[in-house]
Amino acid sequence: MNVAFDASAILGRSGIERYSRELIKGLLRNNLVDGVTLAASDDDQKKVSSYFAPFSAAHVIECIPGERRLGAPLRGLMRMVQRRRMSRAFAGSDIVHLLAPGKVIPRQRPVV
């Protein structure tokens with residue numbers, strides 16, 4: 001099984017961020033999945049890649065543009081772009097796990 005994660009909520013010190021990192025590492029360490037796709041923002045891609053570098057089954061894809069980059073009036077447009085990019089990035093995944101509330105939900109995939 002290939003699992004995709006929205007990696008925008010894995011960096012930092014909060015409980016959900018720690019839970020997210022440990023969940024992904026546990027799946028990879030125990031070979032419970034065939035592969036993991038992590039969708040990261042352009043700002044976080046290098047950090048996320050370095051964190052999961054020991055795991056060859058983890059693939060980090062920069063596909064989430066900053067939602068606030070164009071300002072509040074165009075937030076809807078940015079969410080549409082995020083949804084399209086995430087849907088393309090997660091095309092080979094069996095399931096998508098969103099790690100934080102209020103995130104963009106990619107279409108045509110089972111979502112947790």
Side-chain angles (χ1 to χ4, degrees):
M1 176 184 287
N2 291 304
V3 182
F5 291 91
D6 169 5
S8 63
I10 66 169
L11 301 174
R13 297 181 184 197
S14 75
I16 195 147
E17 292 162 340
R18 181 182 172 105
Y19 158 80
S20 301
R21 288 190 304 269
E22 296 304 318
L23 172 68
I24 297 166
K25 284 173 49 179
L27 290 170
L28 292 166
R29 188 180 309 115
N30 295 306
N31 296 319
L32 298 174
V33 293
D34 298 321
V36 169
T37 301
L38 301 154
S41 69
D42 51 355
D43 297 331
D44 295 338
Q45 182 187 14
K46 288 181 183 178
K47 292 177 193 173
V48 173
S49 293
S50 66
Y51 193 82
F52 293 101
F55 303 102
S56 62
H59 306 285
V60 180
I61 299 172
E62 181 253 302
C63 70
I64 305 174
E67 190 172 288
R68 297 179 186 163
R69 187 168 283 169
L70 297 178
L74 296 176
R75 185 171 292 150
L77 175 64
M78 289 307 292
R79 285 188 175 214
M80 184 179 74
V81 170
Q82 288 175 344
R83 183 175 291 115
R84 290 180 123 180
R85 286 186 176 183
M86 287 175 71
S87 292
R88 271 190 253 129
F90 296 161
S93 301
D94 298 308
I95 192 164
V96 175
H97 188 165
L98 301 177
L99 299 168
K103 293 297 179 178
V104 171
I105 299 173
R107 293 190 173 118
Q108 302 172 344
R109 295 277 165 262
V111 176
V112 175

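What you see is a predicted model; the values in this text were computed from it and never measured.
- Between Glu17 and Arg13 the shortest heavy-atom distance is OE1-N, 2.9 Å.
- In this structure, CD1 on Ile10 lies 10.5 Å from NZ on Lys25, to the nearest 0.5 angstrom.
- Minimum interatomic distance between Met1 and Asp34 (heavy atoms only, all atoms of both residues): N-OD2, 2.5 Å.
- Between Thr37 and Ser93, the shortest heavy-atom distance links the atoms OG1-OG, 4.0 Å.
- Taking both residues in full, the closest heavy atoms of Val48 and Ala40 are given as CG2-CB, 4.3 Å, listed atom of the first, atom of the second, then distance.
- With sequence neighbours excluded, the residues forming a side chain to side chain contact (heavy atoms under 4.5 Å, CB included) with Leu28 are Ile24, Val33, Val36, Phe52, Phe55, Ala57, Ala58, listed by chain and number.
- Between the CZ atom in Phe90 and the CG atom in Asn2 there is a gap of 12.0 Å [rounded to 0.5 Å].
- Applying the side-chain hydrogen bond (donor to acceptor under 3.5 Å, both in side chains) test to Glu22 and every residue at least two apart in sequence or in another chain returns nothing.
- From His97, atom NE2 reaches atom CG of Leu38 across 12.0 Å, with rounding to the nearest 0.5 Å.
- The minimum heavy-atom distance between Ser49 and Val60, with the atom names listed, is OG-CB, 3.5 Å.
- Contact check for Phe5 versus Leu27: side-chain heavy atoms found under the 4.5 Å cut-off.
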